[in-house]
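This report refers to the structure that appears directly beneath it.
Everything quoted here is computed from the prediction, not taken from an experiment. Letters A, B, ... mirror the listed sequences (proteins, then strands); counts begin at 1.
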Amino acid sequence: QRKGLQNSAEDSTLKWYKDLQEAAAQCAQSFDQLNSAKDAQTKKLKLELQKAATIPVSQIASNSGSQLREIFDKIDKLLSGRAVVSGGKSVSTSQHPQGLEFVSYKLAEKFVKQGEEEVASHYEAAFPIAVVASGVWELHPQVGDLILAHLHKKCPYAIPHYPPMKDGTPVEEYQRILGYRVDDSGVEGQDSFLKRMSGMIRLYAAIIQTKWPYSSKQGPVPHGLNHGWRWLAQMLNMEPLADVTATLLFDFLEVCGNALMMQYRGQFWKLILLLKEEYFPRIEAVTSSGQMGSVIRLRQFLETSLQSRQISPPKGQLSSMFWRS
Amino acid sequence: TGTAGGASDSLFSPQSKLTEEELNQFKAKRFTLGQIPLKPPPADLLAV
Amino acid sequence: IKEKPEENGKHDKAAQSLLNKLIRNNLVNTTNQVEVLQKDPNSPLYSVKSFEELRLKPQLLKGVYGMGFNRPSKIQETALPMMLAEPPQNLIAQSQSGTGKTAAFVLAMLSHVDPNNKYPQCLCVSPTYELALQTGKVIEQMGKYYPEVKLVYAIRGNKLQRGMKLQEQIVIGTPGTMLDWCSKFRFIDPKKIKVFVLDEADVMIATQGHQDQSIRIQRMLPKNCQMLLFSATFEESVWNFAQRIVPDPNIIKLKREEETLDTIKQYYVLCNSKEEKFQALSNIYGAITIAQAMIFCHTRKTAGWLAGELSREGHQVALLSGEMQVEQRAAVIERFRDGKEKVLVTTNVCARGIDVEQVSVVINFDLPVDKDGNPDNETYLHRIGRTGRFGKRGLAINMVDSKMSMNILHRIQDHFNKKIEKLDTDDLDEIEKIAS
Ligand SMILES: Nc1ncnc2c1ncn2[C@@H]1O[C@H](COP(=O)(O)OP(=O)(O)O)[C@@H](O)[C@H]1O
């Protein structure tokens, strides 16, 4: 029987994370031949396949529902081995034995990068990206697992996991494991780091509450709100980290707090109450005076929610109107 | 994928899939710090 | 074919300032130190590293953090303690746009009003209606948890009933209307004003009449009213004006960050036609994640063509061109800033002066040249150069399609003495490498 807050995530969580990483590594291994091809023709095919996978993701925007459908159809076609036209050229995964693995891997990576780059500066971009990702996930579960693997690698807090410093790990390497960008000019600033992490957590929070509206499958989504519960519960079971914990809890709750509230009602409010009354003081205790911003934003959110017994739906959520556009 | 990351693969946990401790947490008025079950609550215990 | 560069007329400065405000959603990085000239050199100089140290009203602290701020910007570190001091101190502050001046004086105004008094206590004058509106938005955001404080716009078109007295504590507007409201119509009792802000002084003096009107407003205010003046640049004329508006000032200056090509990766791509350029562009898009890109073309015609091609491929494209009115341009920029469109295609001339620091990739579809066809180094630097060491990592890609443009590229390269590497856009691995 464990007592009090823990220093790391539960074994089952960590095992799940490791399994996903291994599967992703195996996938990368499996298309190595295509990836490192030297002959011009295969290289060209690789370029076309990658474009067919990634360009549609970069085009996701909240302009219209019909546009998202087109993008989704393109991706679905590609993953189903049918030919798609990209830049005037027709390409299909059937043109290479490793085409499908390659495309799945690149696609998943692209979804996460888009979250990192774009959601970080436009929070609302999380929703259109999430809805396409979740539709693809449903029809092509292998892509879903790869999305998780890429996400966890770039943002361990999405697991959630606070990687401990291991003896002998160089500082720079450790910073990288924690999600910081490190290059010749040094490690990136805290604000820039937090922004990217926020972007990825917001994308994750959007994915777990979203279902592709044109899905032909009945039943629960492959990665749904039960993972929202899991994430939140796991976060609150661990000792908080300064700055990071408050920032990400706020991001996560702002995006999927409303959905979790509707789903888990009384049990959800028990979580929020615990967070406010027992966990929040623990966050405050590890916060120094220059880091109050995230703490005060979280407190404001918790107070407003508890007072009104309500959590507003997130800004930027796609409405049913949107799908008629 | 079974119990990916400690969560069950359905939106609610059947009571039979929960340990006694987990069930007690869901039945109690409040959660205990550090002992929130990672599995989602059972559908019939949403009102507390 | 030579197209005439479009001239944007006399409101150029105000328009540029507005567009820059609209495209920005971030603080500009600065590493330079602020220079401070105190009215009383013997008084201690305070600077703060956190908002807590300012002992703000809790509602305002919440408002500041609610905007996503974490700590004071460089100029705010010194300016805020001065502006919030008792007794109030006058201040002239100069720093480039995007360094946090507006947020600073909005916080000062909100801190100084007494919400129980239902009459104007702070006046803020701005050069144009649109700029006043932007400041108003900041007041509303920062004052979100302080709803007792109300705001009204003194702008042409906002007609009030004769003889009425304003109840709002903060009035923001353009100099002409503000003056009318203070003197001719007496909606405002200038004797009760505690804080007077003059924003964008350099833009202000570029408009006929604004300078006089501002001075006439200032003359009506009580002696102990706090006077604050802000400007992005500081020529002699601005300085003269500032001294007439702000008696016994403290002065804060933050040198403009040098734009440098050091933190940016520059590449060029060799093509034979504009179709090939387009193909190269699409390969780049396939290989690297571009949250937002700005693409510069020489003529309106190329820009239009490119935007069309990109949309046909399913990209969300915004087109900014010189014949658009300011409002139209503002709308395009806002949509782009909000991420509704991810690619902004524009002509070299039209985007002159717009800060693109927000954008992670800049593509010169045509290289910038002046009217004689010589390389326009200044524009190149402004567009591509970045400030601050830990600023956003930048990537610039130049498309070259003739001997002539290769020559221009070489001259740009020589001018800055910085190598521009060749990029083969048919080689995926090579493109991927440049983004890592
Ligand atoms: N302390 C701060 N921390 C983070 N962002 C800030 C801070 N102060 C201002 N900003 C943001 O930076 C941008 C530029 O600030 P602004 O006050 O408009 O600068 P200026 O008036 O000098 O042009 C705005 O988006 C603003 O919200």
Side-chain angles (χ1 to χ4, degrees), chain A residues 35-36 40 43-44 46-63 67 70-71 74 86-88 109-110 112-114 116-122 124-125 181 183 185-192 194-195 243 247 288-297 299-300, chain C residues 25-27 29 49-53 58 61-71 144-145 262-263 278-279 282-293 310 312-316 335 337-343 358 360 388-393 425-429 431-432 435-436:
Chain A
N35 202 30
S36 50
K43 277 180 98 165
K44 183 127 189 51
K46 177 183 151 195
L47 174 65
E48 294 307 327
L49 283 172
Q50 175 155 343
K51 276 165 71 178
T54 58
I55 290 182
V57 179
S58 70
Q59 293 172 339
I60 296 173
S62 55
N63 263 345
Q67 189 228 346
E70 272 172 39
I71 289 173
K74 253 193 195 169
S86 150
E109 181 178 53
K110 181 68 174 184
V112 176
K113 278 190 179 166
Q114 207 71 32
E116 175 186 20
E117 290 276 335
E118 193 175 348
V119 183
S121 45
H122 307 293
E124 298 179 12
R181 275 181 174 157
D183 63 17
S185 58
V187 59
E188 77 179 321
Q190 184 73 355
D191 282 349
S192 148
L194 286 175
K195 243 177 126 167
D243 235 7
T247 300
S288 55
S289 84
Q291 304 166 322
M292 284 306 283
S294 55
V295 174
I296 291 195
R297 285 188 285 273
R299 187 175 67 203
Q300 180 62 31
Chain C
N25 51 18
N26 249 322
L27 211 48
N29 259 305
K49 289 285 176 208
S50 73
F51 286 110
E52 274 79 46
E53 294 168 65
L61 192 61
K62 260 195 241 174
V64 167
Y65 285 139
M67 291 176 79
F69 298 1
N70 288 323
R71 54 194 70 79
K144 185 174 168 199
Y145 301 101
D262 289 346
T263 49
F278 176 71
Q279 189 57 43
S282 119
N283 288 358
I284 293 167
Y285 253 98
I288 61 179
T289 297
I290 299 176
Q292 285 189 299
L310 285 164
R312 267 213 305 196
E313 285 286 311
H315 292 283
Q316 306 297 314
R335 286 179 59 84
R337 196 243 354 244
D338 294 344
K340 296 225 170 59
E341 273 101 22
K342 313 221 185 150
V343 189
Q358 305 300 322
S360 53
R389 226 159 57 86
F390 292 116
K392 262 199 170 154
R393 308 174 313 157
T425 48
D426 286 330
D427 187 334
L428 194 57
D429 302 326
I431 319 178
E432 281 189 328
S436 59

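Each of Asn70(C), Leu61(C), Val64(C), Thr289(C) has some count of heavy-atom pairs under 4.5 Å with chain A, and the biggest count is that of Thr289(C). Options Glu341(C), Glu52(C), Lys49(C) differ in how many heavy-atom pairs under 4.5 Å they form with chain A, and the most are formed by Glu52(C). If you tally non-hydrogen atom pairs under 4.5 Å between each of Arg297(A), Glu116(A), Gln190(A) and chain C, the highest count goes to Arg297(A). The candidate with the highest count of non-hydrogen atom pairs below 4.5 Å against chain C, out of Ile71(A), Asp191(A), Val57(A), is Asp191(A).
Ring orientation note: the planes of Tyr65(C) and Phe51(C) are nearly perpendicular, at an angle over 60° on the 30°/60° scale.
With values rounded to the nearest 0.5 angstrom, Lys342(C) atom NZ is found 12.5 Å from Arg335(C) atom CZ.
Contact of Tyr285(C) with chain A is made through backbone and side chain together, with heavy-atom distances under 4.5 Å. Heavy atoms of Gln300(A) lying under 4.5 Å from chain C belong exclusively to its side chain. For chain C, the nearby part of Gln67(A) is the side chain; its heavy atoms alone come within less than 4.5 Å. Contact annotation for Lys43(A): only side-chain heavy atoms (C-beta onward) come within less than 4.5 Å of a heavy atom of chain C. If you measure heavy-atom distances from Ile296(A) to chain C, the contacts under 4.5 Å come from the side chain alone. No part of Ile284(C) comes within reach of chain A, as not one of its non-hydrogen atoms sits under 4.5 angstrom from that chain. The contact between Arg337(C) and chain A is made entirely by backbone atoms, counting heavy-atom distances below 4.5 Å. Proximity to chain C is absent for every atom of Ser36(A), based on heavy atoms less than 4.5 angstrom apart.
Ionic pairing of Lys74(A) and Glu70(A) is not present here: no N-O contact between side-chain nitrogen and carboxylate oxygen is shorter than 4.0 angstrom. A salt bridge does not link Lys113(A) to Glu118(A): none of the charged nitrogens lies less than 4.0 Å from a carboxylate oxygen.
Checking Ser192(A) against Glu188(A) by side-chain atom types alone, a donor-acceptor pair falls below 3.5 Å. Checking Gln292(C) against Glu117(A) by side-chain atom types alone, no donor-acceptor pair falls below 3.5 Å. Between the side chains of Lys51(A) and Asn283(C), at least one donor N or O sits under 3.5 Å from an acceptor N or O.
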side-chain contact (heavy atoms from CB on, under 4.5 Å) assessment of Glu313(C) paired with Ser282(C)
CA-CA 9 Å; Glu313(C) 285 286 311; Ser282(C) 119; 5.6 Å; no
